[in-house]
Amino acid sequence: MSDDTFILASDVAKLIGYTDGAGFLRDRDRLERDLSFPAPMPTCRRPLKWRSSAIRAWRDAQLVRSKAINAAANRATQAAMMAEAGRV
């Protein structure tokens, strides 16, 4: 798939970790509202289509964000453990 292709919900689902297009479509509004998920192409009514490059960029940004959150949580846990160890 080139980055300029348009993909259907089932392909979007595979790229972002859903088992099927129906599950993705059920969550689509929440993803758009809460996580800035790309909207489908405005000229496509049915079936809905998304630009492959936009979905991949969103997915990659979510991975980076998740790693940053996990790293911050790990640092906070380590700081708390060091503080606790200092009290012993």
Side-chain angles (χ1 to χ4, degrees):
M1 252 184 273
S2 93
D3 282 345
D4 292 336
T5 60
F6 296 114
I7 57 175
L8 301 174
S10 59
D11 298 315
V12 172
K14 290 175 192 170
L15 284 173
I16 64 171
Y18 281 80
T19 56
D20 59 31
F24 158 68
L25 289 173
R26 280 191 298 275
D27 284 350
R28 187 185 128 218
D29 288 338
R30 180 189 60 80
L31 292 170
E32 288 178 7
R33 182 185 65 243
D34 298 343
L35 299 174
S36 301
F37 189 80
M41 298 306 299
T43 58
C44 302
R45 291 185 179 246
R46 293 286 186 253
L48 295 173
K49 295 178 183 175
W50 287 261
R51 188 174 295 278
S52 175
S53 59
I55 301 306
R56 291 175 195 278
W58 179 87
R59 178 196 62 194
D60 294 347
Q62 296 306 305
L63 291 173
V64 168
R65 180 176 176 262
S66 176
K67 287 179 183 177
I69 290 170
N70 288 339
N74 287 340
R75 285 190 301 273
T77 299
Q78 288 173 350
M81 291 173 70
M82 293 299 290
E84 184 65 29
R87 284 189 242 169
V88 176

>> With rounding to the nearest 0.5 angstrom, report the CD1 to NZ distance, Ile7 to Lys49.
In response: 11.5 Å

> If you measure from CH2 on Trp50 to CH2 on Trp58, what distance do you get to the nearest 0.5 Å?
Replying inline: 12.0 Å

>> What's the separation between atom OG in Ser52 and atom CG in Asp11, rounded to the nearest 0.5 Å?
In response: 8.5 Å

> Are Ile16 and Leu8 connected in the hydrophobic side-chain network, where two residues link if heavy atoms are under 4.5 Å apart?
Replying inline: no

>> Is there a side chain to side chain contact (heavy atoms under 4.5 Å, CB included) between Val12 and Leu48? Walk through the geometry before answering.
In response: CA-CA 11 Å; Val12 172; Leu48 295 173; over 6 Å; no

>> Between Asp27 and Phe37, does the side chain to side chain contact (heavy atoms under 4.5 Å, CB included) criterion hold? Intermediate values first, please.
In response: CA-CA 11 Å; Asp27 284 350; Phe37 189 80; over 6 Å; no

> Roughly how far apart are Arg26 CZ and Tyr18 OH, rounded to 0.5 Å?
Replying inline: 9.5 Å

>> To the closest 0.5 Å, what do you measure between CG (Asp20) and NZ (Lys14)?
In response: 10.5 Å

> Listed by chain and number, what are the side-chain contact (heavy atoms from CB on, under 4.5 Å) partners of Ala57, not counting sequence neighbours?
Replying inline: none

> Between Pro38 and Ala54, what is the shortest heavy-atom contact and its length?
Replying inline: CG-O, 3.7 Å

> Do you know which two heavy atoms are closest between Leu15 and Arg59, and how far apart they sit?
Replying inline: O-CD, 3.0 Å

> Between Glu32 and Pro40, is any pair of side-chain heavy atoms under 4.5 Å apart?
Replying inline: yes

